[in-house]
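See below for the structure under consideration.
In this chain, residues are counted from 1 in sequence order.
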Amino acid sequence: GAGLGGGSSDAASVLLALCSLYSIELNSKRMKALNKLGASLGADVPVFLEKGTFYRAQGIGEKLTPVKSNIKSPTLIIVYPKIVSDTAQAYKEVKINSKKDILTNVSNLNKILEDVKKGCPISSWGGLIYNKLEDGVLSRLDIIKKTKEQLKVLGADHVIMSGSGSSVVGFVEDESKALEIVKKIKNEDVFLAHFWRA
C-alpha cells in the first residue's frame, strides 16, 4: 500500500530463495520461466528477480529489456505519508478515453531512457516524469497531493507519486541539498536512497 513494490519484492525473494534451497541453477531458459511465474503472481515481480538497475518494461511490466546506465545516481527522497493507497482502487480510477490518454507516455519514456544511456543529468528529465495513476489517487488522498507539493516547494528537482501510492519520491541531484530538504519534513516517514544496483 506504499507504492514501493513491497509485496512484489517479497514474492521475488521467495522464488529466488526456493531456487537456491533446491539448487536450481538459473540459466537464461529457467530465468525466463521464473519471470513468467513471477508475472502470474504480480506485474512487478519480474523486475525484482533481475539484478540490473534500469529496464524498459513492456506488456504488463513482465517483458524487461536492460538499459545500460551511465548516469550519476541522484539522491532519492522517499516520503511515506503513513497511509495506505489501495492498488486496485487506483487502477479503477484511471480514465483512458482515447489513444492520447494513455497509461504510459512512451515518447517521454524513450527520452528518459536515452538520457540514462548518455549519462545526462536528471535536470534533463524536466516535464518527462509521468504517472497516470496520480490522476485519481491525488484527488482521493489529499495527503499525497500535499506531500508532492511540499517536496516541490522544498526544492526537489522532480517529484512523483511512486506506483499507485502512497509514497512520493523527490529526485535531487545534490545529496547535501537532499539532506537539507529531509530536515524540513515533519510527521512523515522519510528515507534517502540511490539507484543502489547501479
Is the shortest side-chain heavy-atom distance between M161 and K145 below 4.5 Å?
no

Salt bridge or not for E62 and K36, using N-O below 4.0 Å?
no

Taking the side chain as everything from C-beta on, heavy atoms only, tell me whether C19 gets closer than 4.5 Å to L34.
yes

Using only atom types and a distance under 3.5 Å, with no angle test, would you say the side chain of T147 pairs donor to acceptor with the backbone of I143?
yes

In sequence, state the C-alpha distance, the side-chain angles, and the governing distance for L151 and I185, and then conclude on side-chain contact (heavy atoms from CB on, under 4.5 Å).
CA-CA 8 Å; L151 276 172; I185 298 173; 3.8 Å; yes

Is the backbone N or O of S123 less than 3.5 Å from a side-chain atom of E173, with the two atoms forming a donor-acceptor pair by type?
yes

Given side chains that start at C-beta, do those of V79 and D189 come closer than 4.5 Å, heavy atoms only?
no

Would you give the length of the straight line joining atom CD1 of I112 to atom CD1 of I122, rounded to the nearest 0.5 angstrom?
10.5 Å

Check: L15 and L41 side chains under 4.5 Å, non-hydrogen atoms:
yes

Quick check against the 3.5 Å criterion: does S9 have a side-chain atom that pairs as donor or acceptor with the backbone of G5?
yes

Whether the side chain of S166 engages the backbone of I83 through a donor-acceptor N/O pair (distance < 3.5 Å, no angle test) should be reported.
yes

Check ion pair K117-E114 (N to O, under 4.0 angstrom)
yes

If you apply the rule side-chain contact (heavy atoms from CB on, under 4.5 Å), what do you find for L64 with V47, and how did you get there?
CA-CA 7 Å; L64 301 168; V47 78; 4.2 Å; yes

Taking the six-membered ring for Trp, are Y80 and F191 closer than 6.0 Å centroid to centroid?
no

Kindly indicate whether the side chain of V190, heavy atoms from C-beta on, has any atom under 4.5 Å from the side chain of I78.
no

So E175 and H194, do their side chains get closer than 4.5 Å, heavy atoms only?
yes

Apply the test side-chain hydrogen bond (donor to acceptor under 3.5 Å, both in side chains) to residues S167 and S162: give CA-CA distance (whole Å), side-chain angles for both, the deciding distance (0.1 Å), then the verdict.
CA-CA 6 Å; S167 295; S162 182; 6.0 Å; no

Whether D135 side chain and V94 backbone form a donor-acceptor pair below 3.5 Å:
no

Applying salt bridge (charged side-chain N to carboxylate O under 4.0 Å, His left out) as the test, list every pair that has at least one member in residues 152-163; sequence neighbours left out.
D157-K177

Scan for ring pair (Phe, Tyr, Trp, His ring centres under 6.0 Å) pairs involving residues 56-76, sequence neighbours excluded, and state none if there are none.
none

Answer yes or no: is there a donor N or O on one side and an acceptor on the other, between the side chain of R30 and the main chain of E25, under 3.5 Å?
yes

Within the 4.5 Å heavy-atom criterion, are V116 and N70 side-chain neighbours or not?
no

State whether the side chain of S85 and the backbone N or O of S164 hold a donor-acceptor pair below 3.5 Å, judged by distance alone.
yes

Contacts satisfying ring pair (Phe, Tyr, Trp, His ring centres under 6.0 Å) that involve residues 149-189 (not counting sequence neighbours) are W125-F171

One pair to check against side-chain contact (heavy atoms from CB on, under 4.5 Å): V45 and N35. What are the steps and the verdict?
CA-CA 8 Å; V45 175; N35 276 343; over 6 Å; no

Quick one: does K29's side chain have a donor or acceptor within less than 3.5 Å of a partner on L26's backbone?
no

Step by step, work out the side-chain contact (heavy atoms from CB on, under 4.5 Å) result for V159 and V169.
CA-CA 6 Å; V159 182; V169 180; over 6 Å; no

Would you call D142-K146 a salt bridge at under 4.0 Å N-O?
yes

Is any side-chain N of the basic residue among E134 and K148 closer than 4.0 Å to the acidic one's carboxylate O?
yes

